[in-house]
Amino acid sequence: MAARDAAAQAFYELDTAQRDLEISIETISAVDDSPEARRALASFRSLGERIDQVSAAYIDTVDAHDLERDELDHAAASRARAELTRAKDELVNVRGELERFQSGLGPLLGKAETQLARLAPARERAKQSLLAASDALDAARAAGLTADDLAARLAALSPELTKLNEGASKHGVQETVRRADDIRRTAEAVRAEAERLPQQAQEIDKRLVSLRTRVQALGTRAEGVAPVLSELRRRFSAACWQDLQHVPEQAGQAVRQAEAALAEARTARSDQRWADAQARLATVRALMDDVDGAVGAAGDRLRRLNEVSKDPKGEVEKTRFVIRDAQRLAMQGRATPEPRHARPLDEAVARLDRALAGLEGRHPDYWAFLTETAAVRETANRVVANIREERARQR
């Protein structure tokens, strides 16, 4: 009977260890499909067959000996003790194999448990993000914003949410974690856009007002270009203003286009088509920038021509100063300048003299004069930049 109890204890311990190992194998199988994991699963099945064999032998041995009967003789008791002891030893040996196998699963099990540990938090984060996105949409609607496109994007997550709820047992841990992360990212993007909708609507409303004011102001300014051109035609040669003669027509057309785009932007805002509204407002702004530049160019041209016609020597002296500054730098530390520096500066002096001589006559081309002096200064500045760059390299 002592041998029977010992065998029973060994059978119980082996069964318990096998159940624990099954949990480990299930954990690995749910996460890992690597060759190493598949080999471990095959080894477990083989070990399970061995456990079934010794367990069946133990049960057959227990059933073969009735130790409770009164007429049990010494010889039968001895046989029973020997067979039960042998069954126990086989159970203990198999349990040792099982424990050795279990200890070899450490790396695989650790990796699997790490991945499983990601599963529950990933699912929870996904569901919390969905809830936050839904709340943000409700808040946007409460503010009078439809947010239909955002609602559609959130509704499109429904099939993925169904698969997420089906869990890792059906789709695997890695796939479930990936799905949870995708749902979370999409939901967070929807939430962020929904939360920004009221601010976006306010920004578009402000831009509508400010651009309407700007369109009106530039429309008024565009009307003032004609008198400027009239004065340019009356006082200066055609070369000074002919590139500007289409500015009034172009400015007027741009203003009309801007007004049409502004009306489209208001319609898009009313329909809560935010992307369309922003695109139309960008068009209005670009058109107004063009008008602003063209209108400003006409007034600036008249101002500069007035200045140079009264005092062309001021423009000449400004340009000579830039040339002399470049010449001083070219001579710094040298008896003679480098030819590659001196040549363009000498040419700049000659160009300036020719530009000044071009003002002689009845209808001088002051605009050509201003264009040439600006080009001469640019040449001198380029020589200065080259000299400084060369000397910096020599240091």
Side-chain angles (χ1 to χ4, degrees), residues 1-124 164-178 180:
M1 292 180 71
R4 184 184 66 181
D5 292 344
Q9 180 64 29
F11 176 77
Y12 170 76
E13 290 175 354
L14 176 60
D15 183 67
T16 301
Q18 184 182 18
R19 292 178 185 276
D20 291 343
L21 180 58
E22 284 176 348
I23 294 173
S24 298
I25 289 295
E26 288 173 359
T27 300
I28 295 170
S29 299
V31 175
D32 197 345
D33 192 36
S34 66
E36 186 180 3
R38 290 196 294 271
R39 285 194 297 269
L41 181 58
S43 298
F44 173 71
R45 288 170 181 159
S46 177
L47 186 57
E49 293 174 359
R50 173 80 174 123
I51 292 171
D52 290 343
Q53 291 173 359
V54 299
S55 297
Y58 158 73
I59 294 171
D60 290 344
T61 300
V62 172
D63 290 342
H65 300 284
D66 183 5
L67 303 182
E68 307 297 335
R69 59 189 173 90
D70 295 336
E71 65 274 16
L72 182 68
D73 57 25
H74 185 271
S78 295
R79 284 195 306 274
R81 180 177 62 188
E83 292 178 9
L84 288 166
T85 299
R86 185 166 56 251
K88 179 207 71 173
D89 291 343
E90 290 180 354
L91 291 167
V92 170
N93 289 337
V94 173
R95 181 186 166 199
E97 294 177 28
L98 187 147
E99 289 175 344
R100 287 190 294 274
F101 178 75
Q102 173 96 31
S103 65
L105 291 177
L108 284 174
L109 184 60
K111 178 182 175 182
E113 289 176 342
T114 298
Q115 293 195 43
L116 280 172
R118 296 171 53 207
L119 180 59
R123 290 178 62 182
E124 182 61 25
L164 180 66
N165 290 330
E166 288 171 350
S169 59
K170 182 172 182 179
H171 301 287
V173 173
Q174 292 182 345
E175 179 65 16
T176 302
V177 170
R178 182 203 61 76

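Not measured: the values here are computed from a predicted model.
For A7 against L84, the heavy-atom pair with the smallest separation is CB-O, 3.7 Å. The two atoms that bring A180 and R123 nearest to each other are CB-N, 4.0 Å, heavy atoms only. Scanning both residues, V177 and A122, for their nearest heavy atoms gives CG1-CB, 4.3 Å. Looking at every heavy atom in both residues, S43 comes nearest to F101 through CB-CE1, 3.5 Å.
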- [ ] Evaluate the side-chain contact (heavy atoms from CB on, under 4.5 Å) criterion for residues V54 and N93: first the C-alpha distance (whole Å), next the side-chain angles of each, then the deciding distance (0.1 Å), finally the verdict.
- [x] CA-CA 10 Å; V54 299; N93 289 337; over 6 Å; no
Task: Chi angles and distances behind the salt bridge (Lys or Arg N to Asp or Glu O under 4.0 Å) call for E97, R100 - done: CA-CA 5 Å; E97 294 177 28; R100 287 190 294 274; 5.0 Å; no
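One distance of note links CZ of R50 with CG of L98; it measures 12.0 Å at 0.5 Å rounding. Distance check, rounded to the nearest 0.5 Å: CD of Q18 to CG of L14 gives 6.0 Å. Atom-to-atom distance recorded for I51:CD1 and L21:CG is 7.0 Å, nearest 0.5 angstrom. Put simply, CZ on R45 and CD on E49 are 10.0 Å apart, with the number rounded to the nearest 0.5 Å. Rounding to the nearest 0.5 Å places NZ of K88 at 12.0 Å from CD of E90. Taking CZ of R95 as the start and CG of D15 as the end, the distance is 11.5 Å to the nearest 0.5 Å.
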